[in-house]
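A short write-up of the structure that comes next.
Just so it is clear, the values below take in all heavy atoms, side chains as well, and ignore hydrogens, waters and symmetry mates. In what follows, chains carry the letters A, B, and so on, assigned in the order in which the sequence lines appear, proteins first and then strands, with residues in each chain numbered from 1.
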Protein chains: 4
Amino acid sequence: MRSDRIARILEAAAAVFAECGFERAKMDDIAERAGVAKGTIYYHFQGKDDLFCALIADVVQRLMDRWDEAARAASDPVERLRHRIEALARFLLANRRFAVMLLAEAWGNETRQQVFRAHVRELIGALERVIREGAEAGAFAVREADTAAAALFGAVSVAVLHAVFAGEPVDEERLVAQIVDQAVQGILPRG
Amino acid sequence: MRSDRIARILEAAAAVFAECGFERAKMDDIAERAGVAKGTIYYHFQGKDDLFCALIADVVQRLMDRWDEAARAASDPVERLRHRIEALARFLLANRRFAVMLLAEAWGNETRQQVFRAHVRELIGALERVIREGAEAGAFAVREADTAAAALFGAVSVAVLHAVFAGEPVDEERLVAQIVDQAVQGILPRG
Amino acid sequence: MRSDRIARILEAAAAVFAECGFERAKMDDIAERAGVAKGTIYYHFQGKDDLFCALIADVVQRLMDRWDEAARAASDPVERLRHRIEALARFLLANRRFAVMLLAEAWGNETRQQVFRAHVRELIGALERVIREGAEAGAFAVREADTAAAALFGAVSVAVLHAVFAGEPVDEERLVAQIVDQAVQGILPRG
Amino acid sequence: MRSDRIARILEAAAAVFAECGFERAKMDDIAERAGVAKGTIYYHFQGKDDLFCALIADVVQRLMDRWDEAARAASDPVERLRHRIEALARFLLANRRFAVMLLAEAWGNETRQQVFRAHVRELIGALERVIREGAEAGAFAVREADTAAAALFGAVSVAVLHAVFAGEPVDEERLVAQIVDQAVQGILPRG
DNA sequence: AATGAATGAGGCTTCATTCAT
DNA sequence: AATGAATGAAGCCTCATTCAT
């Protein structure tokens, strides 16, 4: 059973990392927000990088769990993809801070960035599998499932962030619906 | 006519900012790479933030110029959008460092991030205009042109970065072709 | 009970600030002189300005305490003023470094200078009160107690510094005696 | 005939040095204020210190000239001292910036401070001579003319600065009158 | 005589990490 | 398990001075 303190630290880390980005995030701020002494973080985590990676793993796992639920809800490949896209959009809307980190902290050659990218790859890989299955069943027309999955992932992420940072209040249902439709159908009118 | 030195500084800044991210980028490194003394940068730019913003404006302008050329090449809305997507994909492939910054440095509330976001908005706005025109002509079926544009932008960016960071050599023509097709047509087979 | 380290830092700061002036004083030197790491100063004080202000407050408080003792020693206004002048002169002789700062760092519009000036005002105000009481009792003939107090303050300070910087050894008793006499009696022979 | 440019530089230097203090004064600001290029200052002066010393010499000379005029106006020692005190007070009021420098930049062991102090010593010496003459004539009762002169000098300077920095508008005539009276007579009522 | 772009040494400050308690 | 005072390497920026023109 993970100590309550660790949970508090992770929660604080999520808030601070997302608000400031990895580099500007201060261990002092995380400690203060978590209500623990700075040394306590170092007692439970190796350092800033380790804390970051633990946090990422934690959040990605939660998203993966959602996707597993969504997967069980539909057997049709198209429906399954719709479910994943929708779950992703809703997750990013609910965890906007994480959405920022997803785009901001995954590129580069620092160890933590490589670790993060591996997680993103897992996520894109999960999308890719659905696309590949659908393609084999003739439900999707894509050349490279990998690139298609990455593109979908990017479409959802940037659409969400673009809406969130627009300044106006976000109509979530409407936004999710459009993202899902467009992601699956494209923008050309169906014949 | 901008001095040669300023051009050298901007070039060095592009390399270093993209390689390390804004925070980890060192003014010392930029100066060394540019072959100028540290103080010289400060003679021409207010500071790190100003240098960053100047760089961004410079690169965005170059992309916009490409888009303007691409726009003149096609009058059909669908073709025009294809041209823009293609130009964007090629530009990001040719300026991978900028592609990273595009996703990594545009979110947050620092002044430079707001400035960057304003530029991204310009770019997405340019896409949006094409989509809107096409939608009015019945060529596109989208609900919100703004969201659609953001999604396309994200799809291209992440697809490119995903491919670039995959470790394997990138077949650019193939990648661009798929990105363009999928961005415009979606992934469902046409009826 | 203020940590020993803080006291050591304040002591070192007093020496370095007085020796070099605020601007030329180096935090490195203060740290070295205090026998602490540079970061330690910043753990206890916000920065150079804050350290300076804390130091000033500390020294002014010590002078005020001396004056309070001196005040209890005499009930006659003339005697009380003599005591204050004497205490001031002795204090400045014993804290020559502070005497320099008193004249050198109190004028200007930097925040720290305004803070310093407020302290100087306190000191002059304390003198002024004695003068005003004495004037009401008919013991002093002054027009503006405020200006009179400032003048006395300046007379003592500059006389002390002038003697200290003259290069010759200072006969403290003789100097104090003359300063006190002249401050209270003026330079015209008594009728 | 000193070039007009040199005069403009000195004037600008006076303003900037007084406003910011020697250390914070920037050669750039002086150049801009003087309406010349930065290099021009270095063409006419060795450097910042040299510029400062030239400025000081210039101002002190002007004060000395005033004193010489004042001296010719009165043969009685008491009157002559009154004249000097009054001239000093008026001069400092009219050159408040210089008054600040007088107290702020004359103490310390930098070369320019020693030079400045030598000038201050000249001024105090001029006062001292009047006092000494008066004392020999029995007009003044002082032990050490040197200390008495320094005290008078400090009294006038601090009284003026105290009034100037008080924030309220200064009634110059009233202020000068009180300073002169008190400086010469002291604060005890005459028997 | 005058210019102003370029320089680079030097200083303040930040903050991840350590360790004695 | 937890603390928080202390550390010191590292980085941004300033500004007096130089020098080619």
Could you check how far CD1 of A:Ile9 sits from P of F:dT3, rounded to whole Å? 9 Å
Side chain of C:Met27 only, heavy atoms from C-beta on: which candidate in F:dC12, E:dC12, F:dT17 is closest? E:dC12
With a cut-off of 6.0 Å (strictly less than), are more than 12 heavy atoms of other residues, nucleotides or ligands near CD of B:Glu32? no
C:Glu23 or D:Ala37, whichever maps to the more 5' nucleotide of DNA chain E: D:Ala37
In this structure, how many angstroms lie between the P atom of E:dA1 and the CG atom of D:Asp4, rounded? 14 Å
Write down the distance between CZ (A:Arg5) and P (F:dT3), rounded to a whole number of angstrom. 4 Å
May I ask you to decide if the ring planes of C:Phe98 and C:Phe116 are parallel, tilted or perpendicular, using 30° and 60° as cut-offs? tilted
Is any side-chain heavy atom of A:Leu10 less than 4.5 Å from a side-chain heavy atom of A:Phe45? yes
Can you check whether any acceptor in the base of F:dT14 is under 3.5 Å from a donor in the side chain of D:Lys26, or vice versa? no
Of C:Lys48 and B:Gly39, whose nearest nucleotide on DNA chain E comes first from the 5' end? B:Gly39
If only side-chain N and O atoms count, and only distance matters, is there a donor-acceptor pair under 3.5 Å linking A:Gln61 with A:Asp65? yes
Atom CD of C:Gln46 and atom C1' of E:dT14 are separated, to the nearest Å, by 13 Å
What stem regions, each of at least 3 consecutive Watson-Crick or G-U pairs below 3.5 Å, can be found for DNA chain F? E:2-21 with F:2-21
Please report the distance, rounded to the nearest Å, between CZ in A:Phe22 and C1' in E:dC15. 12 Å
Whole-Å gap separating P (F:dT21) and OH (D:Tyr43): 19 Å
Nearest-Å distance, CG (C:Leu51) to C1' (E:dT13)? 13 Å
Return the 5'-most residue of the pair C:Val36, B:Arg24 with respect to DNA chain F, ranking by each residue's nearest nucleotide. C:Val36
For D:Ile30 and F:dC15, give me the distance from atom CD1 to atom P, rounded to whole Å. 12 Å
side-chain hydrogen bond (donor to acceptor under 3.5 Å, both in side chains) with D:Lys38: which residues, sequence neighbours excluded? D:Asp28
Heavy-atom side-chain proximity of C:Lys26 to C:Val16 below 4.5 angstrom: no
Relative to the 5' end of DNA chain F, which residue comes earlier, B:Tyr42 or C:His44, by the nucleotide with the nearest heavy atom? C:His44
So what does C:Ala25 hit on the nucleic acid, given a heavy-atom distance under 4.0 Å: a base, only sugar-phosphate, or nothing? sugar-phosphate
Taking C-beta and beyond as the side chain, do C:Met101 and C:Phe22 meet within less than 4.5 Å on heavy atoms? no
Under-3.5 Å donor-acceptor pair between B:Lys38 side chain and E:dG10 base: yes
